[in-house]
Amino acid sequence: MEPVHPEFRPDPGLSRAEMESLQRQIASEAVFEDADEHLPESPVVVGVDQAFPDERAVSAIVAMHEGEVIERASAVTDLSIPYIPGLLSFREGESILAAFETLECEPDLALFDGSGRIHFRQAGLATHMGVTLDLPSVGVAKSLLCGRLSNPPEEPFSEGTRVPILADGRVEVEEGTVLGYAVQTRQYDGGSRYINPLYVSPGHRVGAETAASLAQAHCASYKLPEPIRLADSYAGELADEARQ
DNA sequence: GCGACAG
DNA sequence: ATCTTGTCGC
C-alpha cells in the first residue's frame with residue numbers, strides 16, 4: 001500500500017526543528033479515538049518490527065487473518081540518522097513505508113513496536129506511520145518514553161492489569177490526559193521472576209481503551225501481540241542473512 | 001547545570 | 001536496537 005499523505009513521509013534530511021514541527025502537524029491530523037466505521041469482524045492485522053544489521057534498517061511486516069499468517073513483506077534501507085529519543089520514526093520510517101509498498105494485502109489494522117500517542121509531541125512511530133498511511137494503528141512499546149502511571153497497584157502487576165498512562169509536563173497536551181495504558185499481557189504466577197508490562201497507545205483512528213484491548217486480544221502465549229512477535233523474528237532472520 | 005528519554 | 005556468557009526456572 002502507498003502513503004495517503006506523502007507530505008508526512010519521514011524525510012531524514014529535515015532539520016531537528018523541522019522534524020518536530022512535522023510531528024506537531026501529524027499529531028493534529030491524528031485521531032486518538034475509535035473510528036466511526038468499526039473494524040471488520042475478522043480484520044487483517046499486520047505486525048511491524050525492525051532489525052539493524054550493520055548500518056541498515058530491515059523492516060518486516062507479518063499479516064495475519066483469523067490467527068493465520070497470510071503474507072510477509074520486508075524492505076532494507078540505509079540508515080541516515082542516529083537514534084534520537086522522540087525522533088525514532090525519522091530513523092526507521094523510510095524502511096517501514098518501503099515495506100508497506102511491497103505488501104499486497106489490504107490491512108485493517110497495524111500494530112507497531114514503539115509508541116503512538118505516548119510521545120512528547122503525541123506523534124510516536126505508530127502515529128506517524130498510521131497517519132501517513134491513513135491506517136488504524138496501535139503503538140506497543142516495551143518501555144515508557146514519557147508520561148506517568150496513574151495510581152499503579154502493587155507490583156508485580158497481575159495478568160490482565162491495565163494502568164492508565166497520563167500526560168506529564170514533558171508532553172505537549174493538557175496534563176493528566178490519558179495517553180495510553182500499561183498493559184500486563186502475561187505474568188508468572190508466584191516465583192522470583194516477573195514480566196514487565198507493555199505500554200500501549202493509540203496510533204491513529206483508535207482510542208486508548210481499544211488500543212489496549214487490541215494488544216491483549218492478539219496475544220497468544222507470549223507477552224507481545226503475535227503479529228509483532230512474528231515480525232520481530234522475521235526481521236531477525238532477514239538481518240542475519242543481510243549480515244552475511 | 002541536572003534530569004530523562006520508544007528502538 | 002546491537003554486542004555477548006552465563007545462569008535461572010519450568
Side-chain angles (χ1 to χ4, degrees), chain A residues 10 12 16 19-20 23 26-27 30 47-61 74-97 99 110-130 137-149 156 165-172 179-183 186-204 208 211 215 221-225 228-229 231-244:
Chain A
R16 180 161 184 157
M19 292 181 188
E20 295 180 352
Q23 288 181 325
I26 289 163
V48 186
D49 194 21
Q50 284 73 241
F52 306 90
D54 308 314
E55 277 302 284
R56 289 168 297 173
V58 173
S59 287
I61 301 176
S74 65
V76 183
T77 67
D78 289 323
L79 289 170
S80 38
I81 66 170
Y83 166 67
I84 301 168
L87 298 179
L88 182 68
S89 62
F90 289 88
R91 173 173 164 85
E92 306 185 352
E94 286 286 26
S95 82
I96 293 175
L97 292 180
L111 306 178
F112 288 91
D113 65 309
S115 284
R117 193 183 189 183
I118 298 176
H119 180 274
F120 309 121
R121 291 164 293 279
Q122 300 189 94
L125 179 72
T127 299
H128 194 157
M129 298 294 101
S137 63
V138 171
V140 179
K142 295 180 288 295
S143 59
L144 194 58
L145 176 62
C146 56
R148 51 171 248 267
L149 299 195
I165 306 295
L166 307 183
D168 59 18
R170 298 174 293 173
V171 184
E172 295 182 3
L179 301 177
Y181 286 89
V183 181
R186 290 292 177 264
Q187 188 57 278
Y188 295 125
D189 294 320
S192 54
R193 298 190 304 176
Y194 70 90
I195 300 173
N196 291 131
L198 255 23
Y199 300 92
V200 182
S201 58
H204 184 42
S221 304
Y222 303 88
K223 160 182 177 171
L224 282 175
I228 294 181
R229 200 180 67 83
D232 181 283
S233 65
Y234 184 39
E237 290 176 24
L238 295 170
D240 287 340
E241 295 171 13
R243 274 185 275 254
Q244 300 176 37

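Proteins come first, then strands; the chains are lettered A, B, ... in the order of their sequence lines, and each starts at number 1.
- Here the side chains of E92(A) and F52(A) are in contact, with some heavy-atom distance below 4.5 Å.
- Within the 4.5 Å cutoff, the side chain of R16(A) has heavy atoms near those of the L87(A) side chain.
- In DNA chain B, no stem is built from 3 or more consecutive Watson-Crick or G-U wobble pairs with both distances under 3.5 Å.
- Side-chain contact between F120(A) and E20(A) is absent, with no heavy atoms from C-beta onward closer than 4.5 Å.
- Taking the nucleotide of DNA chain C with the nearest heavy atom to each of R193(A) and R243(A), the more 5' of the two is matched to R243(A).
- At a threshold of 4.0 Å, the pair D240(A)-R243(A) counts as salt-bridged, since one of the basic side-chain nitrogens sits closer than that to a carboxylate oxygen.
- Within the nucleic acid shown, R117(A) has no heavy atom closer than 4.0 Å to any nucleic acid atom.
- Using a 4.5 Å heavy-atom cutoff, the side chains of L125(A) and H119(A) are not in contact.
- Here CZ of R186(A) is found 10.5 Å from CG of L198(A). Values are rounded to the nearest 0.5 Å.
- Taking 4.5 Å as the limit, some side-chain heavy atom of Q23(A) sits within range of a side-chain heavy atom of F90(A).
- For the atom pair CG of L166(A) and OH of Y181(A), the computed distance is 9.0 Å after rounding to the nearest 0.5 Å.
- Contacts between chain A and DNA chain C, taken as any atom within less than 4.0 angstrom of a protein heavy atom, begin and end at dA1(C) to dG9(C).
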Scan nucleotides 1-7 of chain B nucleotide by nucleotide, 5' to 3', and note B when protein non-hydrogen atoms come under 4.0 Å of the base, S if they reach only the sugar-phosphate, - if neither. ---SBBB
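- Looking only at side-chain heavy atoms (C-beta outward), P225(A) and V140(A) come within less than 4.5 Å of each other.
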